[in-house]
Structure formats: structure tokens, C-alpha cells
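What follows is one structure encoded as C-alpha cells, with my remarks underneath.
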Amino acid sequence: MKRLLQMALVICALGANAQNTKVITGAVIDENGNPLPNALVEATGGAESVTTDADGSFRIEVPVWLKSLTAKYAGLKDKKIKIKDNSQLLFEMKPKKEYWFIDA
């Protein structure tokens, strides 16, 4: 009986934990529509992060309270997108506009 109660508690705990997270999928592309492999996608204000695969796609599990994700890629502006339900996200990254002045 004690063993049965322990198993029931474990199953309930797993079910409760699953309801506290959601899975978000999507892709990261540049302004020309090319996929960006190894781009960083992170939970804004959270500890979760993933990198995109060869075709620029990602899958991340985040807490249900999380409201946005941020994508980062070297040489491109960071992009923040609000999460709507469990929809797929598309990050379109644009180049950083940096101006360099050389004093001659």
C-alpha cells in the first residue's frame, strides 16, 4: 500500500511539473530569408537557452509565465519577440548599423 501511494505521488508530481512549462518552436533567419545556424535563442529574464540547428530552427521548453524570447547572432541586432500561446516564432535578424570613424 505504501509503495502504491509513493508511485501515485510521483505520477502527480510529474503531471504538475508538465503543466508549468510550455514548448516553443521556431526559426531564426537573416533579412534575406537565409537560415542562421548556431544562433542563440534565450528566455528573456529566464535561464533557458538553446542554439539553432543547421536550418535555423529551434525548440525550447520554458516556464508558462515567460512572455518573450530573445535571439542573438554575431554581427546582427538582438531580436525580442513576445510569446503568444504555443505558436511558432520567426526571428528575422537585421545587421547592426555601426559607424566607424577614423581620425587621419
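The two residues L89 and I24 make their nearest non-hydrogen contact at CD1-CG2, 3.7 Å. Minimum interatomic distance between S68 and K80 (heavy atoms only, all atoms of both residues): OG-CE, 3.2 Å. The two residues S49 and L40 come nearest to each other via the heavy atoms CB-CD1, 3.9 Å. Taking all atoms of both residues into account, the shortest heavy-atom contact from A43 to I60 is N-CD1, 4.4 Å. Closest heavy-atom contact between M93 and A71: CE-O, 3.5 Å. Taking every heavy atom of both residues into account, G56 and P35 meet most closely at N-CB, 3.8 Å.
F91 has its side chain within reach of L69: a pair of non-hydrogen atoms, C-beta onward, lies under 4.5 Å apart. Counting only heavy atoms from C-beta outward, the side chains of T51 and V41 never approach each other to under 4.5 Å.
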**Request:** Evaluate the criterion salt bridge (Lys or Arg N to Asp or Glu O under 4.0 Å) for residue pair E92 and K79; output intermediate values, then yes/no.
**Result:** CA-CA 8 Å; E92 185 178 330; K79 178 82 175 200; over 6 Å; no

**Stepwise side chain to side chain contact (heavy atoms under 4.5 Å, CB included) test for K67 and K82** = CA-CA 6 Å; K67 301 296 181 205; K82 290 184 180 181; 5.9 Å; no

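The pair K22-E61 does not meet the salt-bridge criterion, since no charged nitrogen lies less than 4.0 angstrom from a carboxylate oxygen.
Using modelled atom types, one side-chain atom of T52 and one backbone atom of N38 make a donor-acceptor pair closer than 3.5 Å. Not one N or O on the side chain of N32 forms a donor-acceptor pair closer than 3.5 Å with the backbone of N34.
The distance from the CD atom of E31 to the NZ atom of K77 is 10.0 Å, given to the nearest 0.5 Å.
Under a hydrophobic clustering in which Ile, Leu, Val, Met, Phe, Trp and Tyr are joined whenever their side-chain heavy atoms come within less than 4.5 Å, directly or via other members, V62 and F58 fall into the same cluster. There is no path of hydrophobic side-chain contacts, each under 4.5 Å, that joins I29 to I81.
The closest side-chain donor-acceptor pair between T70 and E42, if any, does not fall under 3.5 angstrom.
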